There are 4 protein chains.
Amino acid sequence: MSDAVEATASAEHHHHGYIHRKDDYLKRLRRIEGQARGLQRMVEEEKYCIDILTQVSAMTKALQSVSLGLLEEHMNHCVVDAARQGDAEAAVKIKEATDAIARLVKS
Amino acid sequence: MSDAVEATASAEHHHHGYIHRKDDYLKRLRRIEGQARGLQRMVEEEKYCIDILTQVSAMTKALQSVSLGLLEEHMNHCVVDAARQGDAEAAVKIKEATDAIARLVKS
Amino acid sequence: MSDAVEATASAEHHHHGYIHRKDDYLKRLRRIEGQARGLQRMVEEEKYCIDILTQVSAMTKALQSVSLGLLEEHMNHCVVDAARQGDAEAAVKIKEATDAIARLVKS
Amino acid sequence: MSDAVEATASAEHHHHGYIHRKDDYLKRLRRIEGQARGLQRMVEEEKYCIDILTQVSAMTKALQSVSLGLLEEHMNHCVVDAARQGDAEAAVKIKEATDAIARLVKS
């Protein structure tokens with residue numbers, strides 16, 4: 001994401017308060033950051049390729065698990081709120097979520 | 001991967017010399033590490049969920065691209081070597097590679 | 001899905017009326033069925049493996065596109081209805097949808 | 001795949017003889033064709049969306065399993081042959097296989 005997009009998102013959506021288990025997510029993301037450093041060490045030392053790929057798969061799974069958790073919280077918060085405002089409001093949020101899910105499925 | 005498995009792999013496979021563009025991979029993995037830190041910041045500040053998911057998709061794509069590049073180098077090096085040793089040797093390496101590909105496809 | 005599960009689902013959910021573009025989905029699924037028959041022909045005639053894999057990728061993409069469309073309709077219908085009944089009702093439907101999304105992401 | 005591409009592939013690669021368990025693949029592909037018909041029935045009767053998505057996931061998994069099996073056979077046959085012809089010949093086949101794997105990973 002570009003800095004510009006991030007800045008806009010920040011202005012609009014800062015402190016939405018939708019993330020209930022923030023410490024849990026931060027802990028998991030720090031572990032993922034550690035996996036990224038571990039991969040650099042494995043490449044630096046030319047570890048066996050298959051072992052590196054196994055590590056990449058583990059890291060991808062960890063990332064997907066974080067994103068599915070955040071998606072569930074988002075739907076419980078933003079999509080539910082929108083649903084109570086009206087069908088049109090809900091449709092916009094659901095389209096946005098479905099597009100994000102499509103990107104996850106294809107990534 | 002457990003430390004024990006990593007240690008074994010290290011002993012057996014250290015300095016295989018199969019990674020030709022090591023600096024390129026290290027640069028990409030450092031960028032991925034930076035994305036993991038960026039995600040922590042986004043969760044910390046409760047940025048908009050959809051923007052976080054977009055970032056996760058970008059990071060997953062970057063990881064997959066690294067793993068596909070390493071897989072290609074591995075096949076050009078280890079699988080080709082094994083193919084020249086014999087059908088049985090090739091079959092073992094190809095089974096191992098296919099299992100790793102299956103984990104990538106499903107992760 | 002087992003016949004038993006399908007029978008239960010049928011009893012509970014028959015004629016939910018949530019699929020707005022039914023003819024479009026049926027047309028796309030008939031095309032997917034045709035792709036499955038095309039794959040049998042390619043394997044029967046031992047067409048080049050890479051061409052078969054390309055066809056499998058196209059078919060998988062077509063399936064995912066159908067499932068993402070149905071998911072969007074489901075959320076606009078069932079999840080929105082549940083959201084208007086209450087937080088607990090919404091949470092149940094959203095958990096169910098997230099579990100289905102997790103299966104799509106990992107399949 | 002377009003008919004033109006299929007025709008070319010057919011001319012070039014017909015009867016490669018690389019598929020050892022042809023009957024097994026045909027049986028699995030007929031089952032996948034049956035799943036595609038089952039999905040049409042579920043959409044026709046507006047079965048519960050989540051059950052349809054579960055069926056799509058099962059079908060996608062079955063397709064991926066077929067493609068991974070074919071890929072393994074292809075590498076044992078075509079990639080091994082190319083490896084014995086020379087590094088350049090191997091590199092071309094491995095690049096082609098890696099591109100196909102990339103399409104599977106992203107589909």
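Just the heavy atoms: all of them, side chains too, but no hydrogens, waters or symmetry mates, feed the values below. Bear in mind that the values here come from a model prediction, so they are computed numbers and not experimental data. Lettering follows sequence order; numbering is per chain, from 1.
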Revision key, fill the gap. Heavy-atom nearest pair, B/Ile52 first then A/Ile19, reads CD1-CD1, 4.5 Å

Check your understanding: What's the shortest heavy-atom distance between B/Lys22 and A/Glu44, and which atoms?
Key -> NZ-O, 2.7 Å

Review point. A/Leu53 and B/His74: side-chain contact (heavy atoms from CB on, under 4.5 Å), yes or no, with the steps?
Key: CA-CA 11 Å; A/Leu53 297 186; B/His74 169 72; over 6 Å; no

Review point. So which of A/Arg37, A/Arg28, A/Gln35 has the largest heavy-atom pair count under 4.5 angstrom toward chain B?
Key: A/Arg37

Practice item. Report the C-alpha distance between A/Val56 and B/Leu70 in whole Å, list the side-chain angles of each, state the deciding distance to 0.1 Å, and finish with yes or no for side-chain contact (heavy atoms from CB on, under 4.5 Å). Key: CA-CA 11 Å; A/Val56 169; B/Leu70 289 172; 5.7 Å; no

**Study point:** Atom pair CE (A/Met59) and CE (B/Met59), whose distance is rounded to the nearest 0.5 Å
**Key:** 4.0 Å

Study note, to complete from the structure: So, the part of B/Leu71 with a heavy atom under 4.5 Å from chain A: the answer is both

Exercise for review: Starting from the C-alpha separation in whole Å, work towards a yes-or-no answer on side-chain contact (heavy atoms from CB on, under 4.5 Å) for A/Val66 and B/Val43.
Suggested key: CA-CA 11 Å; A/Val66 164; B/Val43 167; 5.8 Å; no

Revision key, fill the gap. Checked A/Asp99, A/Leu63, A/Ile101 vs chain B; the most non-hydrogen pairs under 4.5 Å come from A/Leu63

Exercise for review: Could you check which of B/Ile32, B/Asp23, B/Leu26, B/Leu104 has the highest count of heavy-atom pairs closer than 4.5 Å to chain A?
Suggested key: B/Leu26

Practice item. Rounded to the nearest 0.5 Å, what's the gap from CD on B/Glu72 to SG on A/Cys49? Could you check? Key: 11.0 Å

**Study point:** Which residues share a side chain to side chain contact (heavy atoms under 4.5 Å, CB included) with A/Lys27, sequence neighbours left out
**Key:** A/Arg30, A/Arg31

Check your understanding: What option among A/Leu39, A/Thr60, A/Leu29 has the most heavy-atom pairs under 4.5 Å with chain B?
Key -> A/Leu29

Practice item. Could you check which of A/Ser57, A/Gly34, A/Ala36 has the highest count of heavy-atom pairs closer than 4.5 Å to chain B? Key: A/Ser57

Point to revise | Distance, nearest 0.5 Å, that separates OH of B/Tyr25 from CE of A/Met42 | key: 14.5 Å

Check your understanding: By side chain to side chain donor-acceptor pair (under 3.5 Å), which residues pair with B/Arg103, not counting sequence neighbours?
Key -> A/Thr54

Review point. For the candidates B/Glu96, B/Lys61, B/Lys106, which exhibits the highest count of non-hydrogen atom pairs separated by less than 4.5 Å from chain A?
Key: B/Glu96

